[in-house]
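Written below as structure tokens is the structure these notes are about.
A, B, ... follow the sequence lines: proteins, then strands. Residue 1 opens every chain. Everything quoted here is computed from the prediction, not taken from an experiment.
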Amino acid sequence: MEFIDNLALGFSVALSPSALLYCLIGVTVGMFIGVLPGIGPIATVGMLLPITFHLRPTEALIMLAGIYYGAMYGGSITSILLRLPGDASSAVTVVEGYPMARQGRAGTALVMTTVASFFGACVAIVLVATLAPPLARLALSFQSPEYFSLMLVGLVAASALARGSLLKGLAMASVGLIIGMVGQDKSTGFPRFTFGFGELYEGVNFVVVVVAMFGLAEIIHNAGRDPADMPRAERVPLRALVPTLDDLRRSFWPMVRGSGIGVLIGVLPGAGPAISSFMAYTVEKQIAKDPSRFGHGAIEGLVAPEAANNADAQTAFIPTLTLGVPGDATTAIILAALIVHGIVPGPKITTEAPELFWGLLASFWIGNLMLLVLNLPLIGLWVRLLTVPYPILFPCILLFSTIGVLSLNNEPFEVFLAAGFGIAGYAFLKLGCEPTPLLLGLILGPMVEENFRRSLQLSRGDPTIFLTRPISLGCLLVGLGLVLMVVIPSLRRRKQRESPA
Amino acid sequence: MTTRGFDSNCMARASVFDVTRPAPGLERDGGNDVSLRAYIRNRKDVAAGLLFATIGLGTAIVASEYPLGTMRSIGPGYFPIMIGILLALLGAGVTYQGISFSRAVDPAGEHTAASAEEDDGIAVRPLIMITLAVIAFGITVRPFGLAVATVALVTLASLAGREFRLLRVVLLSAGLIALSWVTFIYLLGLPMTLWPH
């Protein structure tokens, strides 16, 4: 009964008073900030990350995870009430959630998204508990070539699934790899791209890049807009908070299917929750008896993606913790936080730091339960919070982001660096390049290079080593398949366009 | 991510390569001209591509000064040169995506306008003011303390907005100084001072 023992250990950790406290702080603060328009989960986690450096690893991780799904839920609130998704994964929530709010069913929509998230979390936790140990055992046989290929697939997947073109995504990932090279080379200590700045010897801290590209760039983009153009919260009548029996009956199977999709996509490295929520929505629409209801407040289209993205967000911790290859930008940040705390993610984590691994897992469930309980009385407050005008909001966000950067090492140089990356982030935003692959490249960069170097040492300089080892070859083929899946349809389109009949 | 909002997020799945309509008039040309012409279909792609190519080449050139090592034991220059060249090639590819080749006359240079893109221009004022606000905070926080730095940041940042209201800036600064003192100095004990030494 390995499964039960593991979960029991997890709950004993997650139910300790300090863990409960940090989980509560995490979900509340995450939700609070996630609700503010203009900040998605990634920026929220990035901004609050430095605070968690002061905690013990398990507590820090529990709090970060809490911030993550708290912010995700906050994104659903703004999607439903304001038609303003915090990030790509809650974009789908708008499609059915906003019409529901317009029909006076905002309360039901808000409650059902929490219920669906909780449902997805429950399914995911069981699966993670079952799947993680065997996967970790498999991963024990991994050597550098396997890791290199796996990370490559992660980068390709993140690029292929990013908004915009595949080439732009790959280019952004490469830019991330290059930023990751700044500082002393890991194996030789040779300083690279430091341009005489001693402060750069330690490399570019990823928090600086997260805050700049996901926070500053957005503020620059929005600050000059007419506040009247910014979306405002409708006055939502909150009657009908309690979902009807019909709502629950309609929601059950979509939540089951959504959770299944989320779990499947979640275990793939590089594929974030956005994909699973889009996929869950599409599936529901395809199999619906009456697809015309979709887009006009169909509850099935609301709960399935919510269950999917929550299940995904949690199963994404399987590759993150057991392989050290993050599933998306947010888990990448959490991975980096682990490394800051001196914990090296990898197959041994389930045996070497079981209380951390299982404690985190159990805390997901508890955190989601807290969200469910906390939210109901707070919905009125969220609605009021949404009416804070942007001109008041953005200086606050800017200040907290900047203090966050400063608090990393108490080093003003990093604040200046953030200002510079903010300009770069704004340029990328204007050029239609999504920053997510860049962030993944930045975080994976040093590991990719290290494993590349070690692989070549292993093979005595023979680069075909990546193709002759079965698991590595398998990974590369998956990556190639992803590329072809994306490239072929668009090449066909381009051809059609260029030779008009 | 928020403001680009839902539409762009949803559209993204539909087209992987940025698809912009060819400029009007193109299809009607029907081959009276034989010259192969290139025109810019998407300015953003061309600009992004050139930017990537420049970064890639720059990286490769700077890294060419670093020891290359051997295949058995690669030096600090090997990986940067490899990725730099890769990025330069990707940049070329992105640029190519933004250019269309067509056997068509270009009626009065219309095509170069890339009419299909909508763009609200560069937010010059916010770009300058927000950047300055962050830099000003970085410069002032050590010598003058958190209070002065906060006022500098809030004032400059507020100048990025459409309208500047003094009372709002004063109240906001005061509130934020109090809040950040409690959170960052009192509760978290960050090594910062509130007032000048």
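Using a 4.5 Å cut-off between heavy atoms, Val94(B) touches chain A through backbone and side chain atoms alike. Residue contact with chain B, scored on non-hydrogen atoms closer than 4.5 Å, involves the backbone and the side chain of Leu399(A) alike. At a 4.5 Å heavy-atom cutoff, the contact between Ile74(B) and chain A is made by backbone and side-chain atoms alike. For Leu456(A), the parts lying under 4.5 angstrom from a heavy atom of chain B are both the backbone and the side chain.
Applying a 4.5 Å heavy-atom cutoff, the residues of residues 143-150 of chain B that approach chain A are Leu146(B), Thr150(B).
Judged by distance alone, the side chain of Arg192(A) and the main-chain N or O of Pro76(B) form a donor-acceptor pair under 3.5 Å. Not a single donor-acceptor pair under 3.5 Å links the side chain of Lys430(A) to the backbone N or O of Ala123(B). Counting only distance, with no hydrogens or angles, the side chain of Arg72(B) and the backbone of Asp462(A) share no donor-acceptor pair below 3.5 Å.
Using a 4.5 Å heavy-atom cutoff, the side chains of Leu90(B) and Lys168(A) are not in contact. The closest side-chain heavy-atom distance from Asp185(A) to Phe79(B) is not below 4.5 Å. Met172(A) places a side-chain heavy atom less than 4.5 Å from the side chain of Phe52(B). Between Pro391(A) and Ser158(B) the shortest side-chain heavy-atom distance does not fall below 4.5 Å. Proximity of Leu216(A) to Val134(B): side-chain heavy atoms (C-beta onward) are separated by under 4.5 Å at one or more points. When side chains are defined from C-beta on, Ile178(A) does not count as touching Pro80(B), because their heavy atoms never get closer than 4.5 Å.
Residues Ser174(A) and Ile83(B) share a closest heavy-atom pair of O-CG2, 3.8 Å. Shown here for Phe400(A) and Ser180(B), the closest heavy-atom pair between the two residues is CE2-CB, 4.4 Å. Pro126(B) and Ala223(A) get closest at one heavy-atom pair: CB-CB, 4.2 Å.
By the ring-ring contact (aromatic ring centres under 6.0 Å, His included) test, Tyr426(A) pairs with no residue at all, sequence neighbours left out. A search for ring-ring contact (aromatic ring centres under 6.0 Å, His included) contacts involving Tyr66(B) returns Phe190(A), Phe193(A), not counting sequence neighbours. With sequence neighbours left out, the ring-ring contact (aromatic ring centres under 6.0 Å, His included) criterion links Phe53(A) to no other residue.
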